[in-house]
Colleague: 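Quick one: this structure, given as structure tokens, is what I'll be asking you about.
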2 protein chains.
Amino acid sequence: MSKINLKDLAKALNISVSTVSKALRDSYEISSETKKKVIEKAQQLGYNPNPYAGFLRNNKSKTIAILVPELTNNYFIQAISGAETIAQENGYHILIYTTNDDREKEVSILNHLNNGRVDGVLVSISSNTSQYDHINDLIRNGIPIVFFDRICHEIETAKVTTNDFASGFTATEHLISTGCKRIAYLSISELLSIDNKRKQGYLEALNKHDINFNKDLVVQCNDDEKLNADKIKKLLTGKNKPDAIFACVEKLALTTYHVCKDLKINIPRDLKIISFSNLRTADLLSPSLTTITQPAFDIGKEAASILFKYLSKRKSLIPNQNIVVNSKLTVRDSTNPNL
Amino acid sequence: MSKINLKDLAKALNISVSTVSKALRDSYEISSETKKKVIEKAQQLGYNPNPYAGFLRNNKSKTIAILVPELTNNYFIQAISGAETIAQENGYHILIYTTNDDREKEVSILNHLNNGRVDGVLVSISSNTSQYDHINDLIRNGIPIVFFDRICHEIETAKVTTNDFASGFTATEHLISTGCKRIAYLSISELLSIDNKRKQGYLEALNKHDINFNKDLVVQCNDDEKLNADKIKKLLTGKNKPDAIFACVEKLALTTYHVCKDLKINIPRDLKIISFSNLRTADLLSPSLTTITQPAFDIGKEAASILFKYLSKRKSLIPNQNIVVNSKLTVRDSTNPNL
DNA sequence: TTTATTTACGATATCGTTTTCGTGTAATTT
DNA sequence: AAATTACACGAAAACGATATCGTAAATAAA
């Protein structure tokens, strides 16, 4: 009943293992009658090939890994979901790993993957990563990598991101257009290129509109929610308070909402907020949140597509390229000057 | 540089392959000096065992699959995240699959897994599943299954859920306590045991408080958001409107919020809402949403733990058992009678 | 000293495929 | 009729690690 292998099938048909194998793989060497017989018998006995035998033989596993800092994050989930869609279409399987923004873990997981377990990897690096030996090792071993969102510029391969600079610029300019002059920027990590680019956009917009940059309005946050809340609270209660906040990531916008609730600061009257976010409930928040929304699902699809393209070509060296998918500004009440 | 295998290692050390293998697996047959030498050399040459060779030989892959209806769902993501935590602790890898609530896909994926690719499976079935041959096939083949949330009672194995009946009862009684008499129940699928149990709790609470059950107040929804919105709109504009809604799943509560926004129905004054939900932003919604929150992360951890327990015992037949992790009612403004 | 036991290692079969060769028969060409 | 070519299949060697044997040397027991 169970565990039928090629040998069993061959015995049942009174032909050789190799013939059965070839028949099932539709080889030209096998006559169509034999093929038919084999396929029928396979169906009948419920033959299911052992994947690992094939992987071992072929040195290909039709499996990729996706490595993200965390799962409980709308952006990453949508990206993974997009990648999964493409994977199913191409018959690929997906292994999921999270680093919790821990560099040690990232290194350990990538080293673990450096042995042929996967044909390729989709990575969004953890924010405190700044050295890339573990990633280069993979590439050197012929395991291609595609970065998405949190990318490494230093590594030559495909990188899929959104237009972070332009979006940061747009977001800031939007705040300026509502009359804001003292715009704070909430940063999540100085080591993250997406963060830097968004900040560059922010600075450029300030510059264009002749607003002096005040470095006290850039708040360096991290993964500690409590600490972030404290920093934001200090920002909003100190002298020279901002009249707007541009949150680099969703998490910081939500923390800001909570802080404002605590401090009874009225959004958007006292403080306007805009954020990069993939929150599905952005329009149901109180007040609804103005967002720069990244096409996360498409970014995931795109990243997976590129990887599969090179895998199917049996090319493991992916040439350096930057794929940019544009984000979209959705204006809602958190930046409404008339409330 | 790359692709060092046992043979290479053995050659470099001038000892046999079997000795190297045993040394690396810390076998009692090998002297500690030899072990040290082997381990050193392995490190030096960057030896990384080919996983598939071992999987093939041992018929174990230290890999499990998680099958969920969808990824863009806070509950499933938290559960997966919990399972991933346990998996990392136990050195297991996780393959992710989604069915999009499509029975065909569910069958196809499970059949595909029925070949030793994974050692075990964590499943939340798709809502329209009602026959279970594909699942029994797996178990018969020695691949253990643990259900979480969307379970199959008909199959003898471990099932991890929340206390759906009691929670449905609590939710309904809470609405009653705020003065509601015409409480609608938004159902997602009649074939889903969690849905039925929650509804049973709802009915029981109505019964206890001598409220007549009106079957027009049970709205049968599905995966089509547009259709659901129409049904809810009809419910809220027809005669005999409800004064409260109990949404069986988060998605339906959000749809209700949108419909209310459209119809300018004031929550909670005109309509109170409670929902099963794992939304992190429940308290930031307008109004904040009263929820029954499932300990999704813990459910994922629990499900994975049970699976790994039996896998480590090399027992593939998991005895029938129901693990129940209690949900928690968090009262917020959407059911506040004083607003 | 002889026998039994432990210690440390090597040769080899095995897991289930895929694929390269080799080979016998039939069909085609000279 | 002899030689060539196509066709359909089988034998066997991989892929890389594991584990069961077997065995030589060293130690302990007789």
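Per chain, numbering begins at 1; letters A, B, ... match sequence-line order.
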Colleague: Taking the nucleotide of DNA chain C with the closest heavy atom to each, which residue, A:E29 or B:V20, is nearer the 5' end?
Modeller: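 Upstream on the strand: B:V20.
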Colleague: Tabulate atom names and distances for all N/O pairs under 3.5 angstrom spanning the protein and nucleotides 15-19 of chain D.
Modeller:
unit_1: D:dG16; atom_1: N2; unit_2: B:A53; atom_2: O; d: 3.2
unit_1: D:dA17; atom_1: OP1; unit_2: B:Y47; atom_2: OH; d: 2.7
unit_1: D:dA17; atom_1: OP1; unit_2: B:N50; atom_2: N; d: 3.2
unit_1: D:dA17; atom_1: OP2; unit_2: B:L6; atom_2: N; d: 2.6
unit_1: D:dA17; atom_1: O5'; unit_2: B:Y47; atom_2: OH; d: 3.4
unit_1: D:dT18; atom_1: OP1; unit_2: B:R25; atom_2: NE; d: 3.1
unit_1: D:dT18; atom_1: OP2; unit_2: B:S21; atom_2: OG; d: 3.1
unit_1: D:dT18; atom_1: O2; unit_2: B:R57; atom_2: NH1; d: 2.2
unit_1: D:dA19; atom_1: O4'; unit_2: B:R57; atom_2: NH2; d: 3.4

Colleague: Report yes if at least one side-chain N or O of A:T34 is closer than 4.0 Å to OP1 or OP2 of D:dC9; otherwise report no.
Modeller: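 For A:T34, the contact criterion (side-chain N or O under 4.0 Å from OP1 or OP2 of D:dC9) is met.
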Colleague: Is a side-chain donor or acceptor of B:N58 paired with a backbone partner of B:K60 at a separation under 3.5 angstrom?
Modeller: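 Flag not set: sc B:N58 to bb B:K60 has no pair under 3.5 Å.
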Colleague: Starting at CG of A:L24 and ending at C1' of C:dT19, how long is that distance when rounded to a whole Å?
Modeller: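 Atom-to-atom, A:L24 to C:dT19, this comes out as 15 Å.
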Colleague: Measure NZ/A:K11 against C1'/C:dG16 and give the value in whole Å, please.
Modeller: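 Taking atom C1' of C:dG16 as the reference, NZ of A:K11 is at 13 Å.
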Colleague: When the distance from CG of A:L9 to P of D:dG10 is rounded to whole Å, what number comes out?
Modeller: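 The distance from CG of A:L9 to P of D:dG10 comes to 13 Å, rounded to the nearest Å.
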Colleague: Output yes when a side-chain donor or acceptor of B:N320 lies under 3.5 Å from a complementary backbone atom of B:T157, and no otherwise.
Modeller: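 Yes, the answer is positive, given that a donor and an acceptor are paired below the 3.5 Å cut-off.
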Colleague: In this structure, how many angstroms lie between the P atom of C:dT6 and the CD1 atom of B:I30, rounded?
Modeller: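 Going from CD1 in B:I30 over to P in C:dT6 covers 18 Å.
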Colleague: May I ask you to decide if the ring planes of B:Y97 and A:H93 are parallel, tilted or perpendicular, using 30° and 60° as cut-offs?
Modeller: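 B:Y97 vs A:H93 ring planes: perpendicular.
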Colleague: Inspect the surroundings of NZ in A:K37 and state if more than 12 heavy atoms from other residues, nucleotides or ligands are less than 6.0 Å away.
Modeller: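 12 or below, so no.
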Colleague: For a quick check under 3.5 Å, do B:Q294 and B:T162 share a side-chain donor-acceptor pair by atom type?
Modeller: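 Note: B:Q294 and B:T162 side chains miss the donor-acceptor criterion.
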Colleague: Do any N or O atoms from the side chain of B:E302 and from the backbone of B:V325 form a donor-acceptor pair under 3.5 angstrom?
Modeller: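 A pair under 3.5 Å: no.
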